[in-house]
There are 2 protein chains.
Amino acid sequence: MSLRYALLGLTAAFPSTGYELARIFDRSLDYAWHASHSQIYPELKRLSDEGLVEVVGEGARNSKSFAATAAGRQVLREWLVETEPVRKVRDESSLRLFLTSLLEPADRLTVLRRELAHLEAHMEELDRLAKETASRATPSAFASMIDLGQRVMPVTRGWLLDAIAQAESGLPDALT
Amino acid sequence: MSLRYALLGLTAAFPSTGYELARIFDRSLDYAWHASHSQIYPELKRLSDEGLVEVVGEGARNSKSFAATAAGRQVLREWLVETEPVRKVRDESSLRLFLTSLLEPADRLTVLRRELAHLEAHMEELDRLAKETASRATPSAFASMIDLGQRVMPVTRGWLLDAIAQAESGLPDALT
DNA sequence: CCTTGACATGTAAAACTCGACATGTCAATT
DNA sequence: AATTGACATGTCGAGTTTTACATGTCAAGG
């Protein structure tokens, strides 16, 4: 149900094609809400049928730009302002980190190091995105989410480093 | 697909009934992976049919305690060690925070303040859980996840406070 | 004894999500 | 002229998740 609000928000901020929306999810929204094109296109169609978004332009290769209508913006506003937030997070990485503590040190290290590599790759990606966003006058929605990511990820990274250090010190084979 | 690994991990750490598992998801795992009892019971049955968990005791009110079998632990280990992590996060709160930047300051404040209240409630809950966990010798898996939460949440809180301050200063009606 | 509330387990239909398949456009290189 | 790769949109079946329904136990208090 949240997908539709994500799409309403993005198309309210700037008209986008389904393809562009999929790109945005992939590059900027993936740590908040993941969606693939096979979900995005049908949902755009539904939103369009309900008059919450409309086609505002057609480009090359049969592409269509969608923008949220007044009704769509209203629906989005109501959801944001009036719905109680629910916490039903699904984050495989967090789950992995939790479960990793059940492994023996050697395996644990393997998993923690891979998670660290992933996180660091993501952090670099975010930094690139931050620079990009800073140069062109992109909507501030991204800027503040990037900022949140840049604040949170180093903390997670610190935790991972600590966990790795602990696993290393607890490694029975470390000295053999 | 992650649910089964969560269940394998929890039942590997200590035998649990479906009810207890649902409680754990609700209280400790909800910011990593959410699942409700209507998913947990059928999945336990499947795991049991596949020999990955087994009934290790029966208690009052028809309750059954499950524990991961050797095969179950092996399946869990393989998943953790050999599967590349994927990032397909679904977190409604993060999405809300992102979308909130599209609202006008007054509405934005409403939403941000509610998110802040939720976060602070969650932080208190975590603190309670931390004390509880510290007193009895609960498996360290929880302790380290609680630690992660206690590191990350204050950062998110700081971001929220900044966003609120910014929305307040940008409020056109603030001085009227 | 009766009621309430926490404990405890399940099912089924509807909704949502994923991965694979399918099709086609357009620009740049070879 | 043909190939390649990014652009672009879609569908379908299988699998996952949610919401609502459904049933029953047990302890404590009135």
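Throughout, a chain's letter reflects where its sequence line sits, starting with A, and its residues are numbered from 1.
- When the nearest nucleotides of DNA chain C are assigned to B:Arg90 and B:Phe66 by heavy-atom distance, the more 5′-ward of the two goes with B:Phe66.
- For the pair B:Ser63 and A:Gln39, both in contact range of DNA chain C, the more 5′-proximal nearest nucleotide belongs to B:Ser63.
- Residue-level contact check: A:Thr17 touches the backbone only, with heavy atoms under 4.0 Å from sugar-phosphate atoms and none from bases.
- For the pair B:Arg4 CZ and D:dG15 P, the interatomic distance rounds to 12 Å; values are reported in whole Å.
- Taking the side chain of B:Tyr19 as heavy atoms from C-beta on, and the options C:dC18, D:dC7, C:dT9, the nearest nucleotide is C:dT9.
- Here ring-ring contact (aromatic ring centres under 6.0 Å, His included) pairs that include residues 76-110 of chain B, with residues two or more places apart or in two chains, are A:Phe142-B:Phe98, B:Tyr5-B:Trp79.
- Side-chain N/O atoms of B:Lys88 include one lying less than 4.0 angstrom from OP1 or OP2 on C:dG19.
- For A:Lys64, no side-chain nitrogen or oxygen approaches OP1 or OP2 of D:dC7 to under 4.0 Å.
- Distance B:Tyr41 OH to C:dC7 P: 11 Å, rounded to the nearest Å.
- A salt bridge does not link B:Arg157 with B:Asp162: every distance from a Lys NZ or Arg NE/NH1/NH2 to an Asp or Glu carboxylate oxygen is 4.0 Å or more.
- If you check every strand for non-hydrogen atoms under 4.0 Å, A:Lys45 touches nothing.
- Classification of A:Asp30 and B:Lys88 as a salt-bridged pair fails, no side-chain N sitting under 4.0 Å from a carboxylate O.
- If you measure from atom CG of B:Asp26 to atom C1' of C:dA6, you get 14 Å, rounded to the nearest angstrom.
- One can place CE of B:Met1 at 6 Å from P of D:dT16, the figure rounded to the nearest angstrom.
- Counting to the nearest Å, the P atom of D:dG10 and the CG atom of A:Asp49 are 11 Å from each other.
- The interatomic distance linking A:Arg27 (CZ) with D:dA6 (P) rounds to 14 Å, in whole Å.
- Residue pairs meeting the side chain to side chain donor-acceptor pair (under 3.5 Å) criterion with at least one partner in residues 32-42 of chain A, sequence neighbours excluded, are A:Ser36-A:Ser38.
- With rounding to whole Å, B:Glu43 atom CD is found 11 Å from D:dG15 atom C1'.
- In summary, A:Arg46 and A:Glu43 engage in a salt bridge, as defined by a charged side-chain N under 4.0 Å from a carboxylate O.
- In summary, A:Arg27 and A:Glu132 engage in a salt bridge, as defined by a charged side-chain N under 4.0 Å from a carboxylate O.
- Cluster membership for B:Val55 and B:Leu21, using ILVMFWY side-chain heavy atoms within less than 4.5 angstrom, is shared.
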Set out, line by line, the N/O atom pairs under 3.5 Å between protein and nucleotides 20-25 of chain C.
none

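- Residue A:Arg46 is out of contact with every strand shown, counting any heavy-atom pair closer than 4.0 Å.
- A straight line from CH2 of A:Trp33 to P of D:dT17 spans 12 Å, rounded to a whole angstrom.
- In this structure, A:Arg23 reaches the sugar-phosphate backbone alone: every heavy-atom distance under 4.0 Å involves primed, P, OP1 or OP2 atoms, never a base.
- When the nucleotides C:dT11, C:dT17, D:dC7 are ranked by their closest atom to the side chain of B:Pro42, C:dT11 comes out on top.
- No side-chain heavy atom of B:Val56 sits under 4.5 Å from any side-chain heavy atom of B:Phe66.
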